[in-house]
Amino acid sequence: MNPYELSHRAADELREMTGVGSYDVAIILGSGWREGATALGVPSSEILSSSLSGFVAPTVAGHSGQILSVRVNDKNVALVAGRVHLYEGNSPDQVVHPVRTVIAAGATSVVLTNACGGIDPAKGPGTVVMISDHINLTSTSPLEGAAPPAGYGARFVDLSDLYSKRLRALVNATVPDITEGVYAGFRGPHYETPAEIAMARTMGASLVGMSTVLEAIAARHLGAEVLGLSLITNYAAGVAAGALNHLEVLEAGQQAASSLGALLARVVPVL
Ligand code: HPA
């Protein structure tokens, strides 16, 4: 079965298990965002993503695989907790399968959230930045391999408006103090060297992480509008004194949880 058919099978299972006929918005929850997302309301259902076809289990502390369904005003929102990454040994198709599934289940707006390192010394841990564009340094693409089957969009997909200008303008109108930055997506799982961060800065990036870029490409390819929100959990390597560690990333996420939730509660209704 090709990855697109697999996502449709998973979407049918999702609709069946949740009773939600069609989703409008999907939010992929990165480290730290899960706790805050409860501010969107009480989920009408909470299912294990491992019960859906094609989903692989996360192996990272702080990520558990679940899909929560929440109604926000007139919108059905899918909250996807427990992202999977390339660095866990997953293929690009496996990494983007949750995004393809929620789009197959109807979502036309996809919010990709993440925890990231900050390259700009003026933006410290706890700051949320809207992604204006990305630099994909993973050397791969979810579109690599056999051409997408008929009906699934061009293989040579245009990414000149990857992080939707329209959605960014809507968010800006609602949260005027939010700033934007370019996200550089590395493969990890090691953190970057100071030299790699200097390279990313020279390239124009101000955020650095190990997720998001492949999911954004896959979502755009399927015609969804993409919004990216990054929580800076630490200064990137070499930006500030001291070593980086995963615990610090998780703690910064936990500390920011209530403000992330408040932000999502303001953003989702305007999407
Ligand atoms: N680098 C890459 N990924 C990250 C970082 C970082 O500094 N912080 C959180 N995720």
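Start at 1 and go down the list; that is how both ligands and their atoms are numbered. Just so it is clear, the model here is predicted, and its values are computed rather than measured.
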Quick look: S31 vs ligand 1, heavy-atom contacts under 4.0 Å, and the answer is neither
Under 4.0 Å between heavy atoms, the region of N114 that gets near ligand 1 turns out to be neither
Can you see whether [X] engages [Y] through a side-chain donor-acceptor pair at a distance of less than 3.5 angstrom?
| X | Y | answer |
| --- | --- | --- |
| T18 | Y23 | yes |
| E5 | N2 | yes |
| D158 | S160 | yes |
| E13 | S53 | yes |

Ranked by distance from atom 3 (N) of ligand 1, the top protein heavy atom is G209 CA, 3.4 Å
for atom 5 (C) of ligand 1, nearest protein heavy atom and its distance come out as G117 N, 3.4 Å
I'd like to check which ligand 1 atoms, numbered from 1 as shown, lie under 4.0 Å from a non-hydrogen atom of [X].
| X | result |
| --- | --- |
| N234 | 5 (C), 6 (C), 7 (O), 8 (N), 9 (C) |
| L244 | 7 (O) |
| E192 | 1 (N), 2 (C), 6 (C), 7 (O) |
| T233 | 8 (N), 9 (C) |
| A115 | 9 (C), 10 (N) |

Requested in this report: With side chain to side chain donor-acceptor pair (under 3.5 Å) as the test, would you mind laying out the steps for K123 and S206 before giving the verdict?
Outcome: CA-CA 9 Å; K123 286 181 190 157; S206 59; 5.4 Å; no
Partner of E225 under side chain to side chain donor-acceptor pair (under 3.5 Å), picked from R166, K165, R220, R168, is R166
- Do D12 and R15 meet the salt-bridge criterion of a basic N to acidic O distance under 4.0 Å? yes
